[in-house]
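Take a look at the structure below.
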Amino acid sequence: MKKRLFASLLTAAMLVGTLTACGSEPAPAASSDPDAQSGAAPAENTPSAEGKVKIGFSLKTVNNPFVVSVKNGAAKAAEEFGAEIIITDAQLDSQKQMTDVESFMQQKVDAILIDALDSTALLPTVQDANDQGFKILTEDSRITGAEDIVLSHVGIDNEKSGERIAQYLVDEMKKQGKKNIIIFEGLPGAEATTQRAKGFHTVLDNNSDVNILFAKNVGDKREEGLQNMDDMLQKFDNIDAVICCNDELALGAISSIEGAGREGILVTGFDGNSDGLQAVKDGRMLATIDHAPYTMGYIAVETCIKAAKGESVDKATVFDVELVDSSNVDEIIAKHANE
């Protein structure tokens, strides 16, 4: 009971706002998400007679510390609310993710939660699931064209968060008289990283304070950040800063920079995974965004359970984020210590 009370308090503290679909529960402050409209779960596919909810959760990968935290939060919510959860790893393969979702349908789960690898490729699969009466929810990345199908989305405003850290980096570059920047965008097709990159470009494109040397989708793994940064260091001798779509890319870039003995290059990440936060604390990374993955996974599954039981759910749950730099990194690390 104490754990559930803590989870409820954590939920309330983390939300920027949501809009309630229906029912008598009071809603937090209104979401800034323009798509946050009412969405009630359909009546089909309710829990089994014994009342235990079965959730299928399709992750794009588990080979990433951020996603591992999401997975852990999801598993904790399932445990505390007495639900069964089946978690699959798409291994960064869109076809496998489609197969995983189809497998959930064969297993007659009560709700399907998706962290979409490719925001367009999954549309036919979720349309089929919806036609069969399955309740569909998304986490972190939305599915393009499925706005009327998806009952609820749990995540952050990736575009605005991208703008926020890009502006922070520009301000710091100006203070230090730096101008030349590299942009490492994330996985092509993934809505979350696409929106982050859009936020970066909103601030950086046509900005007289910076000069973009290079911008490209380079993946999301640490080794991809290292390999691409190796190439950049060979190609350019005037790099002042690197902005990355996730912490893993940033950590790889930092390893490359340190290995080459290059100094004074500012690097930012995104996600706030444990290694990224430690890099900020150690002064190796300038800043990152605390995406609160554990809490996001927890609340996504909690929302799935409500939908599966036919309760009202919010069309969009949008979290606030914190920009993490040397001034607050110890506080953020302490906040996530028990996750």
Side-chain angles (χ1 to χ4, degrees), residues 39-64 66-143 145-155 190-192 293-294 296-311 313-315 317:
E44 298 89 340
N45 291 336
T46 53
S48 56
E50 61 270 21
K52 189 167 187 177
V53 171
K54 182 190 291 188
I55 303 295
F57 188 7
S58 171
L59 290 166
K60 63 171 70 79
T61 180
V62 295
N63 188 27
N64 183 301
F66 171 82
V67 182
V68 171
S69 291
V70 172
K71 177 183 175 183
N72 291 342
K76 187 64 173 178
E79 175 190 344
E80 291 191 352
F81 289 97
E84 177 184 351
I85 188 166
I86 305 165
I87 299 177
T88 58
D89 175 9
Q91 301 173 7
L92 299 179
D93 183 332
S94 293
Q95 186 60 53
K96 184 177 186 307
Q97 188 160 50
M98 295 178 203
T99 301
D100 291 342
V101 173
E102 290 166 355
S103 173
F104 294 153
M105 291 188 273
Q106 294 169 2
Q107 295 177 71
K108 303 296 183 184
V109 299
D110 299 304
I112 299 172
L113 178 62
I114 302 172
D115 170 27
L117 171 62
D118 188 314
S119 295
T120 58
L122 273 174
L123 181 58
T125 304
V126 298
Q127 286 175 328
D128 181 36
N130 181 70
D131 290 344
Q132 294 186 45
F134 288 94
K135 301 171 177 71
I136 310 295
L137 299 89
T138 55
E139 174 268 331
D140 197 26
S141 287
R142 300 175 190 265
I143 299 172
E147 292 79 10
D148 293 336
I149 294 173
V150 173
L151 291 173
S152 183
H153 173 76
V154 177
E191 191 259 0
Y294 183 93
M296 183 169 65
Y298 186 103
I299 294 176
V301 168
E302 181 182 12
T303 304
C304 272
I305 293 168
K306 289 180 179 180
K309 291 180 176 179
E311 298 177 20
V313 293
D314 302 316
K315 185 65 174 176
T317 300

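Across Asp118, Asp115, Asp89, a single residue satisfies salt bridge (Lys or Arg N to Asp or Glu O under 4.0 Å) together with Lys60, and that is Asp115.
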Before giving the answer on side-chain contact (heavy atoms from CB on, under 4.5 Å), spell out for Ile112 and Val101 the whole-Å C-alpha distance, their side-chain angles and the decisive distance to 0.1 Å.
-> CA-CA 7 Å; Ile112 299 172; Val101 173; 4.3 Å; yes

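Taking the side chain to side chain donor-acceptor pair (under 3.5 Å) definition, one finds that Asp128 meets it with Gln132, sequence neighbours left out. Partners of Asp100 according to the salt bridge (charged side-chain N to carboxylate O under 4.0 Å, His left out) rule, which considers only residues two or more places apart in sequence or in another chain, are Lys96. Residues satisfying the side chain to side chain donor-acceptor pair (under 3.5 Å) criterion with Glu139, sequence neighbours excluded, are absent altogether. With sequence neighbours left out, the ring pair (Phe, Tyr, Trp, His ring centres under 6.0 Å) criterion links Phe66 to His291. The side chain to side chain donor-acceptor pair (under 3.5 Å) search around Ser152 returns none, not counting sequence neighbours. Scored by the side-chain contact (heavy atoms from CB on, under 4.5 Å) test, Ser69 finds Pro293 as partners (sequence neighbours excluded).
Within a 6.0 Å sphere centred on CG of Asp131, heavy atoms belonging to other residues, nucleotides or ligands number more than 12.
Nearest heavy atom pair, residue Leu117 against residue Leu92, reads CD2-C, 3.2 Å. When all heavy atoms of Ala190 and Ser141 are compared, the closest pair comes out as C-OG, 4.3 Å. Listed here is the closest heavy atom pair of Ile85 and Val301: CD1-CG2, 3.7 Å. Closest heavy-atom contact between Glu80 and Tyr298: OE1-OH, 2.6 Å.
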